[in-house]
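Here the structure is a predicted model, which means the values were calculated and not measured. Ligands are counted one by one from 1 in listed order, and the atoms in each one are counted from 1 as well. All heavy atoms count here, side chains included; hydrogens, waters and symmetry mates do not.
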Amino acid sequence: MVRHRAAHARAVLTGLDGRFTSALRGERAAARLGIALAAAFGTAFVTGLISHFMQHPPGWAQWPSRPVNLYRVTQGVHVIGGLATVPLLLAKLWTVYPRLLRWPPVRSAAGAGYRAVVFLLVGGALFQMVTGVLNISYWYAFPFFFTTAHYWTSYVLIGALLVHAAREWPAARRAVMTGPGDAVGRRGFLLTVAGAGGAIALTTAGAAFPPLERLAVLAPRRPGTGPQGVPVNTSAAGAGVLAAARDPAWCLTVTGRVRREVVLSLDDLRALPARTARLPITCVEGWSADAVWEGVRLRDVLRLAGVDDDAHVRVESLQTWGIYRTSLVAPAHWRDPLTLLALRLGGEPLHPDHGYPCRLIAPNRPGVMQTKWVHRLVVE
Ligand code: HEM
Ligand SMILES: Nc1nc2c(c(=O)[nH]1)N[C@H]1C(S)=C(S)[C@@H](COP(=O)(O)O)O[C@H]1N2
Ligand SMILES: [Mo]
């Protein structure tokens, strides 16, 4: 009796007895959503890998310093596209969940293998979205390092997606090409899902794309807010550098593989030729804020010390801990005339939270590599 009731409850839940089925759970809707999701995940994978290899360049390839806004576009597409994909994923899961909860779950060994792939696909997709959304909302609810987990899960997700797509493609194609036309309700369902995705995109895209700035009510960070009109991720107090940054004895040291070690005070830096560049801070979290920076060219300072053209430069902060306390600058970036050691922002000395007395700002580079509170350049 108990067993019978459990089986009955399951049947109701999974729609096997026909009570909880919906006309919206057609193959055609599932196929269409699947194709859209595959395109969205493929885009997320490519833009995600770009972000990864920008921060961890393989020895044989160098990321260019132009176009200035390239990373802003790829990472904006990654994060905003990812957010807009959430309703698609939820809708897809809703259309297929009777099949996900099918009983018995496996009927053969081959079936068990494929169930495992579907499990990785659904689990991986949910994991990427949930951790991604929490991360950009500054809610670090998970015990692991987001970036590493998100990076490796993306390979699992894309691998499972390829197996799933290869297996379902014939049926999906049949459903989309030759199936019965969409019932009105079903078309309305897909339009609603697309509308929800579009609404999310419209209310978050302004975090990266200025024309939509005023609509960006759902964006966790809005450009134009914060001291000097630029958002702040780590404050000087939070980084524990306030006293060192304000110390009148602050100086910049250029050392490592140099012809002569150079030590420059703030006044020495101010006496070098001043340059201006309009460049965005482009955070890996998807937001970008344009600003006008003024300072000295990194290449001018490096040439004072005498460095080889193919040298790599490690920019070190006053900060003594944290994963963003240093960043590596490859030749394409330090030789670019727009790459500055900025002393001023928007016509004023840098606010402490923006890196006073001196911060790196370079074109086409993730925010995590725009080191603040610079005090040493180590040539490698
Ligand atoms: C709502 C959806 C998503 C959000 C909000 C999101 C957010 C992010 C963020 C904030 C980063 C930057 C991490 C950092 O550099 O510290 C990132 C990187 C990345 N994302 Fe996503 N993501 C989403 C979906 C996806 C999906 C579906 C995939 C895979 C298909 C993916 C693959 C990647 C990869 C490979 C990286 C590079 C990680 C690294 O630098 O090692 N993301 N994502
Ligand atoms: N030393 C140091 N530099 C840093 C960081 C940091 O935590 N420490 N955060 C980085 C990140 S994640 C971003 S997005 C930019 C933000 O610069 P802003 O606060 O001036 O907008 O600074 C970068 N530079
Ligand atoms: Mo950032």
Side-chain angles (χ1 to χ4, degrees), residues 37-38 40-56 71 74-89 121 124-138 145-161 200 204 220-221 223 225-236 238-241 245 280-289 291 293 315-327 342 345 350-356 358-361 365-375:
L37 276 169
F41 288 169
T43 307
F45 189 54
V46 172
T47 51
L49 289 185
I50 288 174
S51 182
H52 177 85
F53 288 110
M54 241 184 211
Q55 293 172 63
H56 310 278
Y71 182 71
T74 63
Q75 197 60 8
V77 165
H78 185 87
V79 171
I80 290 143
L83 295 175
T85 309
V86 171
L88 262 66
L89 179 65
L121 179 60
L126 286 171
F127 181 87
Q128 294 299 76
M129 304 238 156
V130 171
T131 57
V133 170
L134 292 183
N135 178 265
I136 64 163
S137 318
Y138 307 95
F145 179 51
F146 164 74
T147 310
T148 309
H150 192 76
Y151 175 68
W152 289 109
T153 305
S154 74
Y155 290 104
V156 174
L157 170 59
I158 292 300
L161 177 64
I200 292 178
T204 51
R221 281 273 191 280
T225 56
Q228 300 177 319
V230 177
V232 168
N233 255 7
T234 310
S235 67
V241 297
I281 293 280
T282 300
C283 183
V284 293
E285 291 148 13
W287 59 265
S288 288
W293 310 88
V315 177
E316 295 187 352
S317 164
L318 291 168
Q319 209 178 346
T320 53
W321 41 265
I323 43 176
Y324 307 133
R325 56 175 293 277
T326 76
S327 69
L345 162 52
L350 287 171
H351 185 281
D353 292 346
H354 288 307
Y356 178 88
C358 172
R359 69 104 41 94
L360 178 69
I361 184 82
R365 190 171 162 87
V368 290
M369 299 172 80
Q370 308 279 27
T371 309
K372 303 195 274 195
W373 315 292
V374 172
H375 93 124

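Counting atoms of ligand 2 from 1 in the listed order, those under 4.0 Å from a heavy atom of Ser317 are 1 (N). Listed by number with element, the atoms of ligand 1 under 4.0 angstrom from any heavy atom of His52 are 37 (C), 39 (C), 40 (O), 41 (O). The atoms of ligand 1 that sit less than 4.0 Å from any heavy atom of Ile136 are 10 (C). Near Ser154, with a cut-off below 4.0 Å to any heavy atom, the atoms of ligand 1 are 29 (C), 32 (C), 35 (C). Each of the atoms 1 (C), 2 (C) of ligand 1 lies under 4.0 Å from some heavy atom of Gly82. Interface of Phe41 with ligand 1, defined as ligand atoms under 4.0 Å from a residue heavy atom, comprises 27 (C), 30 (C). Of all the atoms in ligand 2, the ones that sit under 4.0 Å from a non-hydrogen atom of Trp373 are 1 (N), 2 (C), 8 (N). Taking every heavy atom of Phe45 and a limit of under 4.0 angstrom, the matching atoms of ligand 1 come to 30 (C). Ligand 1 places these atoms under 4.0 Å from at least one heavy atom of Asn135: 10 (C).
With His56, His150, Gln55 as candidates, the residue nearest to atom 18 (C) of ligand 1 on a non-hydrogen basis is His150. Of the options Gln228, Lys372, Glu316, Glu285, the smallest heavy-atom separation from atom 4 (C) of ligand 2 is shown by Lys372. With distances taken over non-hydrogen atoms, the option nearest atom 10 (C) of ligand 1 out of Thr47, Val284, Thr153 is Val284. Here atom 16 (O) of ligand 1 lies nearest to Thr147 when heavy atoms of Thr147, Leu49, Leu37 are compared. Taking only non-hydrogen atoms, the option from Ile281, Val230, Val368 nearest to atom 12 (S) of ligand 2 is Val368. The heavy atom nearest to atom 21 (O) of ligand 2, out of those in Ala342, Gly355, Pro231, Ser327, is found in Pro231. With Gly322, Cys283, Pro223, Gly367 as candidates, the residue nearest to atom 15 (C) of ligand 2 on a non-hydrogen basis is Gly367. Distances from atom 7 (C) of ligand 1 to the heavy atoms of Met54, Gln128, Met129, His78 show the closest one on His78.
For ligand 1, the polar-atom distance check against Tyr324 finds no nitrogen or oxygen pair separated by under 3.5 Å. Considering backbone and side-chain atoms together, Thr371 places no N or O closer than 3.5 Å to any N or O of ligand 2. Polar contact with ligand 2: present for Gln370 (N/O pair, distance under 3.5 Å).
Here the protein heavy atom with the shortest distance to atom 8 (N) of ligand 2 is Gln319 OE1, 2.7 Å. In this structure, atom 22 (O) of ligand 2 lies nearest to the protein heavy atom Arg359 NH2, 3.5 Å. Closest to atom 9 (N) of ligand 2 among all protein heavy atoms lies Thr234 OG1, 4.1 Å. Ranking protein heavy atoms by distance to atom 20 (O) of ligand 2, first place goes to His354 ND1, 2.6 Å. Closest protein heavy atom to atom 26 (C) of ligand 1: Ala44 CB, 3.6 Å. Nearest protein heavy-atom contact of atom 5 (C) of ligand 2 is Tyr324 CB, 3.9 Å. Residue, atom and distance of the protein heavy atom nearest to atom 34 (C) of ligand 1 are Gly48 CA, 3.4 Å.
When heavy-atom distances to ligand 2 are checked against a 4.0 Å cut-off, Asn233 comes that close through both its backbone and its side chain. The residue Val368 has no part lying near ligand 1, judged by heavy-atom distances below 4.0 Å.
For the 3.5 Å distance criterion, the side chains of Glu285 and Tyr138 qualify, holding a donor opposite an acceptor.
Distance CG/Leu345 to CG/Asp353: 11.5 Å, rounded to 0.5 Å.
Not a single heavy atom of Tyr155 sits less than 4.0 Å from an atom of ligand 1.
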